[in-house]
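Taking it in order: structure first as C-alpha cells, then the write-up.
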Amino acid sequence: MLRRTARLLVSIVMFMAATTAGVMATAGTAQADSCYTWSRTLSQGSSGSDVRELQIRVGGYPGYGGVLAVDGQYGPATAAAVKRFQAAYGLSADGVAGPATFSKIYALQDSDCTPAHFSYAELNRCNSTWSGGAVSAATAKANALRAMWKLEAMRHALGDQPIRVTSGFRSYACNSAVGGASGSRHLYGDGVDLGAGSHSLCKLAQQARHHGFNGILGPGYPGHNDHTHLDHRSSRYWSASSCGI
C-alpha cells in the first residue's frame with residue numbers, strides 16, 4: 001500500500017511539473033511507469049500495441065454481457081469501455097485515453113502489470129512456471145492477467161471490498177488432482193474460481209455479467225454450489241440458476 005501511495009504521489013508531482021512546462025499538450029502520459037508507459041493520447045482510430053495494453057486494463061468495463069476484444073484497434077467498443085472506466089473513477093468520461101486516464105491506471109497497477117488487488121501467485125497455485133496446461137505458459141499467464149483486470153473492475157464496482165480467489169491456472173496434472181473437467185478453462189489460465197467472503201457467491205455471479213466474462217457458473221449449476229466460476233470461453237455460457245442466471 002505504501003508503495004502504491006508513493007507512486008501515486010510521484011505521478012501527481014510529475015503531472016503538475018509537465019503541465020507547467022507545457023509538454024502535456026502533446027504527451028499522452030503523466031509519468032514513466034515501471035510496468036508500461038503510454039507515450040501518446042489514444043482515441044477512436046488509434047491502433048497499435050499501446051491500444052492493446054489499454055484494452056487489457058479496461059477489459060472489465062465492456063458493459064452488461066459484453067466482451068472487449070484485445071486487438072489493438074481503438075474502435076467504439078474500446079471508447080465505451082474507457083468511458084465506463086473513467087466514470088467509475090470520477091474522471092471526465094470522454095472516451096479518450098489521455099494523461100488523467102493513464103495516471104489512474106498507473107496508480108492501480110504494480111510493477112509486474114498486475115492490478116493492485118490481485119497477483120500472479122493468487123491466480124496460480126499449481127506451479128511457478130505456468131506450464132503443463134492446454135496453452136503455452138506465456139499464453140496462460142497473459143490470460144490470467146486479463147482475468148485479473150476484469151476482477152479488479154468487478155471489485156471496484158462492488159465497493160472495493162476483497163474478492164477471494166480459490167483457484168486459477170491448472171496444469172493437466174493439477175486439474176486431474178482436483179477432479180477438474182477435461183476441458184476446464186483453468187487449463188487455459190483464464191478460469192477463476194471465487195469463494196464467498198465479502199460478497200455471496202450469487203452476488204459475485206450476478207456482478208460478473210458486467211465485466212467481460214463469457215463463462216459464469218455458480219450456485220445451481222452442478223458442482224458449483226460452493227464457488228462461482230468465471231472464464232473467457234469463446235461464446236457466452238452463464239448458468240447459476242439459484243442466483244437467477
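What's counted below: heavy atoms across the whole structure, side chains too, no hydrogens, waters or symmetry copies. Along the sequence shown, residues are numbered consecutively beginning with 1. This one's a predicted model, so the numbers in the text were calculated from it and none came from an experiment.
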>> side chain to side chain donor-acceptor pair (under 3.5 Å), that's the test. Do Asp112 and Thr114 meet it? Break it down for me.
In response: CA-CA 6 Å; Asp112 63 356; Thr114 59; 2.6 Å; yes
> Can you tell me how far the CE atom of Met154 sits from the NE2 atom of His211, to the nearest 0.5 Å?
Replying inline: 6.5 Å
>> To the nearest 0.5 Å, what is the distance between CG on Leu123 and CE on Met148?
In response: 4.5 Å
> Under 3.5 Å, is there a donor-acceptor pair between the side chain of Ser46 and the main chain of Ser43?
Replying inline: yes
> Does a side-chain heavy-atom distance below 4.5 Å link Val135 with Trp130?
Replying inline: no
> Do you know which two heavy atoms are closest between Arg125 and Val165, and how far apart they sit?
Replying inline: NH1-O, 3.1 Å
> Relative to the ring of Tyr36, is the ring of Trp38 parallel (under 30°), tilted (30 to 60°) or perpendicular (over 60°)?
Replying inline: perpendicular
> What are the two closest heavy atoms between Gly59 and Leu68, and how far apart are they?
Replying inline: CA-CD2, 4.2 Å
> Going by heavy atoms in the side chains, are Cys113 and Arg57 under 4.5 Å from each other?
Replying inline: yes
> Sequence neighbours excluded, which residues qualify as ring-ring contact (aromatic ring centres under 6.0 Å, His included) partners of Trp149?
Replying inline: none
> Between OG of Ser200 and CD of Gln207, what distance do you get to the nearest 0.5 Å?
Replying inline: 11.0 Å
>> Ignoring hydrogens, what is the shortest heavy-atom contact between Asn127 and Ser171? Give both atom names and the distance.
In response: ND2-CB, 4.1 Å
> What distance separates Ser131 OG from Lys141 NZ, expressed to the nearest 0.5 Å?
Replying inline: 12.0 Å
For residues 187-196, which side-chain N or O atoms pair as donor and acceptor with protein atoms under 3.5 Å away, sequence neighbours left out?
from   : atom 1 : to     : atom 2 : distance (Å)
Asp190 : OD1    : Arg185 : NE     : 3.2
Asp190 : OD1    : His232 : N      : 3.3
Asp190 : OD2    : Arg185 : NH2    : 2.7
Asp193 : OD1    : His186 : NE2    : 3.2
Asp193 : OD1    : His229 : ND1    : 2.9
Asp193 : OD2    : Arg170 : NH2    : 3.4
Asp193 : OD2    : His186 : NE2    : 3.3

>> So, taking the atom named OG1 in Thr37 and the one named CD1 in Ile105, what distance separates them when rounded to the nearest 0.5 Å?
In response: 11.5 Å
> In terms of heavy-atom contacts, does CZ of Arg233 have more than 12 from other residues, nucleotides or ligands at under 6.0 Å?
Replying inline: yes
>> Looking at Asn214 and Asp231, would you say the former's side chain and the latter's main chain have a donor-acceptor pair under 3.5 Å?
In response: no
>> Checking His210 now: which residues fulfil ring-ring contact (aromatic ring centres under 6.0 Å, His included) with it, not counting sequence neighbours?
In response: Tyr64
> Does the side chain of Leu42 reach to within under 4.5 Å of the side chain of Phe102, using non-hydrogen atoms?
Replying inline: yes
> Only one of Leu204, Thr228, Asp226 clears side-chain contact (heavy atoms from CB on, under 4.5 Å) with Pro219; which?
Replying inline: Thr228
> Tell me, which pairs form a side chain to side chain donor-acceptor pair (under 3.5 Å) where one or both residues lie in residues 236-245, sequence neighbours left out?
Replying inline: none
> Do you know which two heavy atoms are closest between Leu230 and Ala208, and how far apart they sit?
Replying inline: CD2-CB, 3.5 Å
> Can you say whether the rings of Tyr89 and Phe85 are parallel (under 30°), tilted (30 to 60°) or perpendicular (over 60°)?
Replying inline: tilted
>> Would you say Leu54 ends up clustered with Val96 if hydrophobic residues are merged whenever their side chains have heavy atoms under 4.5 Å apart, either directly or through other cluster members?
In response: no
> Are Ile56 and Tyr106 grouped together when hydrophobic residues (ILVMFWY) are joined by side-chain heavy atoms under 4.5 angstrom apart?
Replying inline: yes
> Hey, does the side chain of Asn143 reach the backbone of Arg146 with a donor-acceptor pair shorter than 3.5 angstrom?
Replying inline: no
>> Whether the Thr101 and Gln86 side chains hold a donor-acceptor pair (N or O, under 3.5 Å, no angle test) is what I'd like checked.
In response: yes
> Applying salt bridge (charged side-chain N to carboxylate O under 4.0 Å, His left out), which residue pairs with at least one partner in residues 62-87 are found, sequence neighbours left out?
Replying inline: none
> Would you say Gln206's side chain and Cys243's backbone share a donor-acceptor pair under 3.5 angstrom?
Replying inline: yes
> Does Val82 reach the side chain of Tyr61, with side-chain heavy atoms less than 4.5 Å apart?
Replying inline: no
Would you mind writing out the side-chain donor-acceptor pairs for residues 156-163 within the sub-3.5 Å range, not counting sequence neighbours?
from   : atom 1 : to     : atom 2 : distance (Å)
His156 : ND1    : Asp160 : OD1    : 3.1
His156 : ND1    : Asp160 : OD2    : 3.1
His156 : NE2    : Ala88  : O      : 2.9

> Does Leu145 share a hydrophobic cluster with Leu151, counting links as ILVMFWY side-chain heavy atoms below 4.5 Å and allowing steps through other members?
Replying inline: yes
>> Could you measure the distance from the SG atom of Cys174 to the CG atom of Asn124? Nearest 0.5 Å is fine.
In response: 7.5 Å
> Is Phe169 reachable from Tyr120 through a run of I, L, V, M, F, W or Y residues, each pair having side-chain heavy atoms under 4.5 Å apart?
Replying inline: yes
